[in-house]
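No experiment lies behind these values; they were computed from the predicted model shown. Just so it is clear: chains get the letters A, B, ... in the order the sequence lines come, proteins before strands, and each one is counted from 1.
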Amino acid sequence: MQTSIPKPKLLITLRTITTSATVSCNQRAASERGFLNLLQSCNTFSNLLQIQAQILKLGFQNSPLILTKFVSKASDLNSIEYAHCFLFSPHSNTHFYDAFLFNTIIKAYAQTANLKPKALWVFNFMLECRVLPNDFTYPVILKACAGIGDLNLGMSVHGSLLKFGLHRNDPVLNTLVHMYCSCKGGIVFGRKVFDEMTKNDSVPWSAMIGGYVRLGRSNDAVDLFRKMQTQGVCPDEITMVAVLCACTDLGALELGKWIESLIERERVNKSLELNNALIDMFAKCGDVDKALKLFRTMNERSIVSWTSVIVGLAMHGRGLQAVSLFQQMVRDGVAPDGVVFIGLLSACSHSGLVEKGKEYFDLMRKEFGLLPKIEHYGCMVDMLCRAGLVREAVEFVQKMPIEPNSIIWRTLINACRTHNELKLGESLARQLIRNEPMLEANYVLLSNIYAKMSHWEKKTKTREVMDTKGMRKIPGSTTIELNNKIYKFVAGDMYHNQYKEIFEMVDEMGREMKRAGYVPSTSEVMLDIDEEDKEDNLNRHSEKLAIAFALMNTPPGTPIRIVKNLRVCSDCHSATKFISKIYNREIIARDRSRFHHFKDGLCSCNDFW
DNA sequence: TTAGGGTTAG
């Protein structure tokens, strides 16, 4: 009987099933392709809703390909959270989902500000669904970790990538370096991954150099770039952007010019971003005219190009030119954003254009529909303070519709000290310390106010509080670039090879300046010591040491460029004016907020600083 | 049919 099993019948049945399945598969593939084309043309949120209804109607909720395209469209339309709700509702058949679909939604979250943690959620859910990550998963999830900047999170993802054995391809390792370099305290781990990997192209070098720059370790960034060159790895435009940022941070114009010549020599692709980085470098290293020239020759400009050049002009006190460039930008049809307004308002602030600044602050909302943020209010307070309108600044802060932040309070307090509103400054500083007791800058402000009031006991007590809390004032330092080297000076620096000669030079400068009418502003010295010692103290400020060093080591008539990490003190400011005239030198000084061009006894800032 | 490093302010 067994032999009578109707084998042929079964075969026929199987063949029938196979054929109909093939047909249905082909039909489905055809309709999937059609539907994908439909999705491709979707360009509004209401389109997306219609597509979603169609997905349900046609039963495509089980097609990972269609869902992936849906996610990527939703991401383009800033509606990734909407797609998320659709995909991960309790009724979804998530067992149809594949790695490609998960990678796409993780990527969408990773590239959206404020939603990066959701990328981690989706990644964990992917593992819960037992969908194995593939080569493409880790670069996107590591990028999300980099955006979040949490080292522990990054380390746990690193652990899982080792578990799945997906740590042997370049994009994964490159993003791993990038991730570690973007997390607080992670640069050592980034360097370890970097040192242990094979580095055939520029990408890991750019990631590591960029990491040093973000951390403010620009000297290390430049050293690594030099090492890259000795190892014969060809830099590309992204490496060049990172090194240019290091030059910008260091204020190293000669180094920046060398990079520019290297870009030309190596025929590096001059992308928009690279041109923007060059503009920024030239403007912030003191040659704003070169920045302007470059800007004018660019075929393609973005809002970043305009902002860089406007901010550059602002830093050099060329406020009117910055305003006119902003007007040209608007005429050219480029929509301003909040960042360019910060540049514009700071241009008004650095040039004393108070009325212009008020006008643009109003126009921001009325004409351009941009709601001023705390930074814009900060610019306005800074502008009023620089112009000496401290009382008006206080009124402005009282009327602000948003809560002032501690930066605004510190701007006000500093202005109170400069413009002799000492009682008001003291009360504001004490209030700020009550609200923010762990920030050293607040104690420094209060202590400086007490020094100006000659309340030495209170000043000492404030410094003691700082000591007991283990706080240290950031020491003022000045750097100068000479013969491809960067020299750093701190006040009273006695570690330099030439320190004896430098001190002698500073004393000689002091004598010459006094002969020309300079009076040391000993009120700037925040110490309870006699006047003569105060003069000595002023003469040992890092700016003066750096200028003395430059006068000794450069030919007569050469311009001197210095970079100060904090704001230049008023005594050094006045002394540098005298030095520029006596020694016939142009001195270009960058401080934390702007440039000062000293020439023939005058400064370009017109004392708005 | 998916992956790596970059520019403006604060």
Side-chain angles (χ1 to χ4, degrees), chain A residues 32 36 64-66 68-69 71-72 75 98-108 110 133-143 146 166 169-179 181-182 190 194 197 199-211 213-214 228 235-246 248 268-281 283-284 291 295 298 301-312 314-315 336-347 373-379 382 405-408 411 592-593:
Chain A
E32 263 191 348
L36 279 176
L65 182 57
I66 296 286
T68 303
K69 194 71 194 168
V71 167
S72 113
S75 169
D98 61 7
F100 179 26
L101 174 56
F102 276 108
N103 293 348
T104 311
I105 189 159
I106 292 170
K107 182 186 169 188
N134 62 15
D135 280 350
F136 303 89
T137 311
Y138 279 95
V140 285
I141 195 67
L142 286 168
K143 218 170 172 176
L166 292 167
N169 81 1
D170 282 353
V172 171
L173 290 171
N174 294 333
T175 327
L176 199 58
V177 172
H178 172 69
M179 180 278 289
C181 291
S182 306
F194 175 81
M197 69 190 282
K199 296 172 278 289
N200 299 320
D201 65 17
S202 64
V203 183
W205 294 90
S206 304
M208 198 65 228
I209 293 170
V213 176
R214 276 197 299 280
M228 175 184 181
D236 65 7
E237 71 264 33
I238 298 183
T239 326
M240 292 308 198
V241 167
V243 197
L244 281 170
C245 287
T248 308
V268 175
N269 172 36
K270 278 207 182 175
S271 63
L272 176 62
E273 291 84 353
L274 181 54
N275 274 324
N276 291 343
L278 274 167
I279 290 179
D280 196 45
M281 182 277 290
K284 290 194 184 136
F295 173 79
M298 278 166 69
R301 296 168 185 159
S302 65
I303 185 81
V304 178
S305 329
W306 289 93
T307 307
S308 299
V309 80
I310 286 171
V311 168
M315 285 185 78
D337 63 4
V339 181
V340 76
F341 266 101
I342 293 174
L344 182 67
L345 295 175
S346 83
K373 290 188 186 168
I374 190 78
E375 293 88 349
H376 303 101
Y377 285 95
C379 286
D382 184 60
N405 61 14
S406 58
I407 301 170
I408 290 181
T411 307
R592 207 175 56 179
S593 66

Determine the contact category for [X]: base if any of its heavy atoms lies under 4.0 Å from a base atom, sugar-phosphate if only primed atoms, P, OP1 or OP2 are that close, otherwise nothing.
X	result
A:V311	sugar-phosphate
A:D280	sugar-phosphate
A:K69	nothing
A:T239	base
A:K143	sugar-phosphate
A:N275	nothing
A:S305	nothing
A:L173	nothing
A:D236	base
A:S346	nothing
A:K199	nothing
A:R214	sugar-phosphate
A:T175	sugar-phosphate
A:C379	nothing

Considering residues at least two apart in sequence or located in another chain, which fulfil the salt bridge (charged side-chain N to carboxylate O under 4.0 Å, His left out) criterion with A:K284? A:D280
If the condition is salt bridge (charged side-chain N to carboxylate O under 4.0 Å, His left out), which residues does A:K373 pass it with, not counting sequence neighbours? none
Can you name the ring-ring contact (aromatic ring centres under 6.0 Å, His included) partners of A:F102, sequence neighbours left out? none
The first and last nucleotides of DNA chain B lying within contact of chain A, meaning any atom under 4.0 Å from one of its heavy atoms, run from B:dT1 to B:dG10
Going by the rule side-chain contact (heavy atoms from CB on, under 4.5 Å), which residues pair with A:F194 if we only count those two or more places apart in sequence or in a different chain? A:V177, A:R191, A:K199, A:P204, A:W205, A:M208, A:L224
Would you call A:N275 and A:S305 a side-chain contact if the rule is heavy atoms closer than 4.5 Å? no
Any pair with a residue in residues 268-278 of chain A that passes salt bridge (Lys or Arg N to Asp or Glu O under 4.0 Å), sequence neighbours left out, goes on the list, sorted by first then second residue, please. A:E264-A:K270
Does any N or O in the side chain of A:N276 come within less than 3.5 Å of the main-chain N or O of A:I279, such that one atom is a donor and the other an acceptor? no
